[in-house]
Amino acid sequence: MRHLIDPLDFTREETDRLLGLAETIMDKPSEYAHRCAGKILATLFFEPSTRTRLSFESAMLRLGGQVLGFSSAQSSSAAKGESVADTIRMISGYADIAAMRHFKEGAPFVAARYSRIPVVNAGDGGHQHPTQTLTDLFTIRRCRGKVGDLTIGLCGDLKFGRTVHSLIKSLVRYEGIRFVLISPEELRTPGYILKEVLGPSGHPFTEVRRMEEVMPELDVLYMTRVQRERFFNEEDYVRLKDSYILTPEKLRMGKADLAVLHPLPRVNEIDQQVDQDPRALYFQQARGGVFVRMALILSLLGLEPDILEKEGEPC
Ligand code: CP
């Protein structure tokens, strides 16, 4: 049995095969409409979500399966003190696969250790968000034809933004990527990502404060929201929340084929006028998440046996 807790739980080859399957599903969805008949997905969301939970549910329903779950810790027995380990032991009897979002870093990893069904990390605190990364890679691959030979700017809250951490971990496995890390001093990329992931990868990277000075170099601009829920102090959030606002004027400095991505939700960091620009791909990106999660569900349930190897890294 395989889980997806960290983006590196899948090899690059497995990741590429899964993205290929997502493209096939996107092209011929009717061929997959009944593949999960009789299967149940549990969505265990201890933290708010719109895209991840609903795209997982949409994915399972589009595969002909069924879904159950909860959308907040308060509406589950976690509110009475039940542990993640006990929760997943129960869910293993109720469902065939589970997607878990939790405010505590490492909670889905703990769940996987006690689970009898595949567990997917749907975001754990400020740590990782591997299915968003699959969605991001899928979007880059579709707009560029491949992942590689790109200058990628990651902008905003690089400290708490789990999507950024997972994306960097995955992107270093592709050739020719140059990283431009755009953030205020207080929201810089965590040291462990710089020292243990980017440094050893040999990929060039720079840290800058101003978006404008690097905009003309970028092939991909990955905007992120400042993560209010991870701040200890509201004053710091208010001071930093509008550090970057992408406007049509700033976008004019970008390449004609720049791809603007954002994991969403957006707060104020992309002006709504940017939505009209053909380079703004974030809503397409969110839609692609459904096909990626369809491919993931099929792969983890063993219904597409050629995607994942039998043995993954031990969890
Ligand atoms: N991108 C993302 O994780 O969105 P949600 O928080 O709405 O799931």
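Every number for a ligand or one of its atoms is a count from 1 in the order of the listing. The structure presented is a predicted model; accordingly, all values stated were derived computationally and were not measured.
Near ligand 1, residues Ser49, Thr50, Arg51, Thr52, Arg101, His129, Gln132, Pro263, Leu264 each place a heavy atom inside the 4.0 Å sphere around the ligand atoms.
Phe109 places none of its side-chain heavy atoms less than 4.5 Å from the side chain of His3.
Contact check on Glu304 versus Arg17 returns no salt bridge, with no Lys/Arg side-chain nitrogen under 4.0 Å from an Asp/Glu carboxylate oxygen. Between Glu186 and Lys159 there is no salt bridge, since none of the side-chain N atoms of the basic residue sits less than 4.0 Å from a carboxylate O of the acidic one.
Among residue pairs with one or both ends in residues 82-91, those qualifying as salt bridge (Lys or Arg N to Asp or Glu O under 4.0 Å) are Asp86-Arg89; sequence neighbours excluded.
A tilted orientation is assigned to the rings of Phe46 and His102, their planes being inclined by 30° to 60°.
In plain terms, the two heavy atoms of Leu8 and Lys169 that are nearest each other are CD2-O, 3.6 Å.
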